[in-house]
Amino acid sequence: MIINPLKRVYLALESWFNLSFGTEWNPLYHLGTLSFFLFWIILVSGIYLFIPFHGSLDGAHASLEYITHDQWYAAGVMRSLHRYASDAVIVTVLLHLFKEFASGRYRGFRWFSWVTGIPNLWLIVTIGITGYWLVWDEMAQYIAVGSAQLMDALPIFSGAMTRNFVSGGMTDRFFILIEFLHLLGQPMLLMFMLWLHVKRLSNVNINPPRGLAAGTFVALLALSLAAPATSHAPADLGRVPTEIHLDWFYLNVYPLLELWPAQQIWILTTAVTFLLMMMPWLLPKKDGAKAVVDLEHCNGCGICFEDCPFDAITLQARTDGARYDYEVAVDPALCGACGICAGSCPASNPFRTPRGELKTGIDMPQLRVDELRSLTRSAIDSMSGDLKILVFGCEHGIDVMRLNGDDTRGIKLICSGMLPPTLVEYALKQGADGVMVTGCRHNDCYYRFGNLWTRMRFAGERKPGLRGRAEHARILLHGGAEPDAPLIARDLSAFRQRLRELNQAARVAVEEAG
Amino acid sequence: MDDVANKWLRFLLQALNYSLFMGLLWYFASSPSVRLLGADEAKLTIAFAHAGQLREPCRMLSQQELNKLAPNMRKIDDCPRERSPVSIEAQLDGAMIYAASLPPPGLFGDGGVDVFYSAKIAAGVHRLELRMNDSVRIEGFNHRFDQVVTIEPAQILLIGFDSKQGGFLVKPALN
């Protein structure tokens, strides 16, 4: 299996960053928002640079020399921020791609986000290329000639483009075209593509945590002051630049032109792009059964609509003549089959029908809430130790079934977010001494918000909350990936100790009362 | 996964991570450099567009042929559209460096050809011979250039062609 070693590498990297940044600021959990933040830096610094920049063949290089040397303290810093933030975007985008691939979040219902994400990388690269072109130094000349060679390899140009850059055909008009592309055309297209990329997600956040944003900005500023971005000598179409200090983040394709014909480079890049885009079908994974709405038990409260991470649920006018205004509907093509909606439905309360079948407004066919309640009851009855601890765990985190023992039983969920808080209260009422709920690592939920919604529900910050009458001290929320198994064992031991103390205190209280 | 409990140690580790990231950005933003030419190398570039001559000459229509045509369609000559391929050879110091026969593009074979070739050469004095045929009605080459040229290191020796200016144009590239 190709994924597992990659996932191990990713989790190790994630653990390293968790050590220093914690789960709140871990940059790997905020690669998308960090990229947006870097775009903001690029945009603001770009607008500033546009003021002193002279967009012409004769004026571009000279104006950048002025920016870099004469006004190094302001425009020069802005230029460096513009360059280094652009380079950083390539790193964050590549890491984002690697993370999603390594953790399997690219196939099944996620195919659309994956497929619309891949071209963005190329789009960002082309924005960088036109940006470097505007400097009109030797490197700009190198990429201009290289780009023309690549374009000429396509049947539509056939040699006409390259001639512009060797026989004096380059004019200010062409330069203005590049300027238009870099400043307006490409960024607008990128914005549209990014909108498309996140279209199937709900609650999209584009701001990283302030601490992470501040740290990133300070680091970029320090780098900009320590190693300011500079230009090569001005472009001279009569001479070949002998040595280019290439920006490998953006311009890594061009040196290949020295080794291969341009057609082969097109074949290579197109094949890699196509291969990446086809990954959801080359390494497919079938989604679980999609959520099913039972209108008889749905009052159209809209909590599942709010909680769905993939925008699969819509709130619409009632169609069954019931007295409620709304009902929910699930789009199976968008549904991630995570079950977060089942956990959010107020009708998933196990106390509603203590004896009969528990029917809820929205449920998962592969693990119905009623079945979950039965599993809870039988797990409690099957324990024989001095304690009875139930561990609910999602199938993407730690394997909770490995924790089974005399006093512990694991119950596997699709996602920790599918656990109705009232079911935990129910378990405690049924005789469990404690309940542990473990999902993916905090802020890294496979289904985006499962562990976050769970924490918020149990803290009473999100509906449906854990009721006040539940004994909160007997509930432990956890999170972790497979390598964190020793940590969960450690925390489970501490939880056992706490439960024994609580039981002892309860016994004393009963004796004193009696 | 637990983070480091000591706040200052955590900040120190964060600073280390940021430094590594910035170091990566700094290094690959300009390194390693790419050397395009050696110290005593220059570049020879052939770049021009040229339409070959018509494969068949225009033919004057006879009066009888003209009479058969509608009055508004009476054109005195008939010129077939198809053009000749362009064959070109370039020799440097007696060695063939480029030879190609380029067919006219287009659905009717009536387009001009784009010639592009670029190669590194040693800087210094060279004998440059260029030959081109642009008509199937002519045997051998109908355009020739044979001269000694001097090229400086890193300079581009640009070879163009313009029949109105007398054929091959060999010069340092324009700025």
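Throughout, protein chains are lettered first and strands after them, A, B, ... in sequence-line order, and every chain is numbered starting at 1.
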Look at the side chain of Arg10(B) and the backbone N and O of Gly22(A), then say whether any donor-acceptor pair between them is shorter than 3.5 Å. no
Is there a donor-acceptor contact under 3.5 Å from the side chain of Trp248(A) to the main chain of Ala29(B)? no
Is there a donor-acceptor contact under 3.5 Å from the side chain of Glu243(A) to the main chain of Arg35(B)? no
Residue part contacting chain A, namely of Pro153(B), when any heavy atom lies under 4.5 Å: backbone
Rounded distance [0.5 Å steps], CD in Glu258(A) versus CG in Leu36(B): 5.5 Å
Which value, rounded to the nearest 0.5 Å, describes the distance between Gln14(B) atom CD and Leu19(A) atom CG? 11.5 Å
Region of Leu12(B) that comes under 4.5 Å of a non-hydrogen atom in chain A: neither
OG on Ser86(A) to CG on Leu25(B), rounded to 0.5 Å: 10.5 Å
Ile156(B) to Leu237(A) - nearest heavy-atom pair and separation: CD1-O, 3.3 Å
Atom pairs and distances, donor-acceptor, side-chain atoms in residues 223-230 of chain A, under 3.5 Å, two or more places apart:
{"from": "Ser224(A)", "atom 1": "OG", "to": "Leu81(A)", "atom 2": "N", "distance (Å)": "3.4"}
{"from": "Ser224(A)", "atom 1": "OG", "to": "Leu220(A)", "atom 2": "O", "distance (Å)": "2.8"}

What I want to check is whether the side chains of Trp26(B) and Asp87(A) have a donor and an acceptor closer together than 3.5 Å. no
Rounded to the nearest 0.5 Å, the OG atom of Ser31(B) sits from the CG atom of Asp247(A) at a distance of 10.0 Å
Shortest non-hydrogen contact from Trp16(A) toward Asn17(B): NE1-OD1, 2.9 Å
Quick check on Phe21(B) against chain A: is it the side chain, the backbone, both or neither that has a heavy atom closer than 4.5 Å? side chain
Within residues 48-87 of chain B, which residues come under 4.5 Å of chain A, heavy atom to heavy atom? Phe48(B), Ala49(B)
For His245(A) and Ser33(B), the nearest pair of non-hydrogen atoms, with its separation, is ND1-CB, 3.6 Å
Okay, Leu11(A) and chain B: the region with an atom under 4.5 Å from a heavy atom over there is neither
Might you point out which heavy atoms bring Tyr18(B) and Gly211(A) nearest each other, and give the distance in Å? OH-O, 4.2 Å
Heavy-atom proximity to chain A below 4.5 Å, by part of Glu41(B): neither
Sort Tyr142(A) into side chain, backbone, both or neither according to what part of it lies under 4.5 angstrom from a heavy atom of chain B. side chain
Less than 4.5 Å apart, side chain to side chain, heavy atoms only: is that true for Lys43(B) and Arg239(A)? no
Quick check on Val218(A) against chain B: is it the side chain, the backbone, both or neither that has a heavy atom closer than 4.5 Å? neither
